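Being a predicted model, the structure only gives us computed values, none of them experimental.
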2 protein chains.
Amino acid sequence: MKKQRYAVIGAGALGGLYGGLLARAGFEVHFLLNRDYDHVMQHGLQIDSKLGDFHLSDVHAHASADTMPPCDVTILGLKTTNNGLLQDLLPAPTREGGLVLVLQNGLNSESDAAAVVGPENVLGGCCFLCSNKVGPGHIRHIDQGRIVFGEFGDRAIEVTPRVQRICDEMVSAGIDAHTTDDLPKTRWKKLMWNIPFNGLSVVLDASTKELVDDPDSVALVEQIIREVHAGAAACGVTVSPKSIATTIDVTRTMVPYDSSMRLDYLAKRPIEVEAILGNPIRAAQGAGFAMPHVETLYRQLKFLNQRNQNG
Amino acid sequence: MKKQRYAVIGAGALGGLYGGLLARAGFEVHFLLNRDYDHVMQHGLQIDSKLGDFHLSDVHAHASADTMPPCDVTILGLKTTNNGLLQDLLPAPTREGGLVLVLQNGLNSESDAAAVVGPENVLGGCCFLCSNKVGPGHIRHIDQGRIVFGEFGDRAIEVTPRVQRICDEMVSAGIDAHTTDDLPKTRWKKLMWNIPFNGLSVVLDASTKELVDDPDSVALVEQIIREVHAGAAACGVTVSPKSIATTIDVTRTMVPYDSSMRLDYLAKRPIEVEAILGNPIRAAQGAGFAMPHVETLYRQLKFLNQRNQNG
């Protein structure tokens, strides 16, 4: 079967890594770059990864979506806070009907892409990944790396051939890729990590290690995880209760890591507070379930984000 | 009627001000001082107050409780985090049976003093006061000033003559003093301010003005106030629902103010997290009522306090 052509929008910690791995494996991958365009055109992409460091000197880099060719799969790794740009960025690479694979954080993060290209052309997934962009065109992948994705919306009940094909290609490129026939479950499970660890790392100015090492923060982390787990259940999404303990245990074994939200906050970028906390709160509320611990964190983060953006 | 003799233990923002006002009015007031002893012996006490600035050159200062005479009323203004000292500090001034008036923050803050001098010798009260110690023997009283106090424990059902007598003396000294026949209500009402504004001022590193000016923090403040109000009700304490709005409105009209907990935190002193948050949470829990917003704040504060004390 002919290899599919990929686009990567948001070539940061996530898009840079997965796109880079696909390109290394011989896939045609087109990267949309913003500030890093000149650097990558000159110096290529550098990936430092626990899977082995590598360098791509010959990158299909684009300074504008308009120069991108039609692609079979557009990987969306942009921060959700930039989703206002999707109506300008997605039409070009999807103009011959390709798919958009939304790997953004949060709940219902597929909706914004779906509004541009139609829900039937959207897949969604979560990355369990410790990776940071450490410089222009320079990604450092320090731990984990799993990606789980599948159909979105009404179609999220089976693993379709188009999902399986992308997964097979990713696996052939050395990516720890998995399919899911239950995207909502995958997203809520990820939220069980993202909400406490992203949220508290900003509010308490702490690394994941500090949060799991202190008895009070770890007690709060666990309360929040339980609340998110129950919020998922209220929304009709059953996550195994084992995941409550696993989420903390996995973090204990992780290398000390600055969550993406903390890095955004420290760099004075907007934080993904609506995608990661606001949307799940509203989804649970719509199902008649309140998440007061999460809500406290949400309000605190909005206050801090507002001050951070003003200051 | 003969004027009563007063002791002040903890001559800071609160004890320094009220003790100073009593001394200015001609009451015999004995101050127990710690680091400020030498300074106050040499330079006296300086009170900058919205009631008028004044200076006391001739102060009954004590470097140790052992030199204090028996007093009719011992005003306890020490931070609750120092209550381990009470067994050494209270016996001397109360040795002929005087009363202890506990003006410390929090819920059940009278219990520690009661364990030393017996509950029948303890009164309790709350100060609604913006006052800071700004230097050795130097108090700055910037806003408010009301003090409300009454009998503690089983006696907290009427205004006894001994309570009325202290109140009359305070009023004669220019203090905005009031009696209460319902100390639990007074304490919970104060907690409706203290929990959100002390707690969030530390976690969000913000002044009271910042907290009431931002829509997200003020929404969280209101949720917390409602939760504390409901927690009081669960404990059988009925605070008028009007107090929910009043608590925020009063803060809007206050001069921008650093809460005592924030000042303690910034000065790397232990914060009163158990008295102000832990005790109310446990009291409500004992009555079968959970306060998840407050609990989130409590865990966050304990984490921050621990790190602050270690660092």
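- Residues forming a side-chain contact (heavy atoms from CB on, under 4.5 Å) with A:A234 (at least two apart in sequence, or on another chain): A:A287, A:F289.
- The side-chain contact (heavy atoms from CB on, under 4.5 Å) search around A:P119 returns A:A114, A:F152, not counting sequence neighbours.
- Most heavy-atom pairs under 4.5 Å with chain A, from the set B:V203, B:L220, B:L211: that is B:L220.
- With a 4.5 angstrom heavy-atom cutoff, A:L301 does not touch chain B via any of its atoms.
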Can you list the donor-acceptor atom pairs spanning chain B and chain A that come in under 3.5 angstrom?
{"residue": "B:L204", "atom": "O", "partner": "A:R307", "partner atom": "NH1", "Å": "3.2"}
{"residue": "B:L204", "atom": "O", "partner": "A:R307", "partner atom": "NH2", "Å": "2.7"}
{"residue": "B:D205", "atom": "O", "partner": "A:R307", "partner atom": "NH1", "Å": "3.0"}
{"residue": "B:E210", "atom": "OE2", "partner": "A:R307", "partner atom": "NH1", "Å": "3.2"}
{"residue": "B:D216", "atom": "OD1", "partner": "A:R299", "partner atom": "NH1", "Å": "2.8"}
{"residue": "B:Q223", "atom": "NE2", "partner": "A:E295", "partner atom": "OE2", "Å": "2.1"}
{"residue": "B:E295", "atom": "OE2", "partner": "A:Q223", "partner atom": "NE2", "Å": "2.1"}
{"residue": "B:R299", "atom": "NH1", "partner": "A:D216", "partner atom": "OD1", "Å": "2.7"}
{"residue": "B:Q300", "atom": "OE1", "partner": "A:Q300", "partner atom": "NE2", "Å": "2.9"}
{"residue": "B:Q300", "atom": "NE2", "partner": "A:Q300", "partner atom": "OE1", "Å": "2.9"}
{"residue": "B:R307", "atom": "NH1", "partner": "A:L204", "partner atom": "O", "Å": "3.2"}
{"residue": "B:R307", "atom": "NH1", "partner": "A:D205", "partner atom": "O", "Å": "3.0"}
{"residue": "B:R307", "atom": "NH1", "partner": "A:E210", "partner atom": "OE2", "Å": "3.2"}
{"residue": "B:R307", "atom": "NH2", "partner": "A:L204", "partner atom": "O", "Å": "2.7"}

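- The parts of A:L204 that come within reach of chain B are both its backbone and its side chain, each placing non-hydrogen atoms under 4.5 angstrom from that chain.
- Between atom CZ of residue A:F303 and atom CG of residue B:L200 there is a gap of 8.5 Å, rounded to the nearest 0.5 Å.
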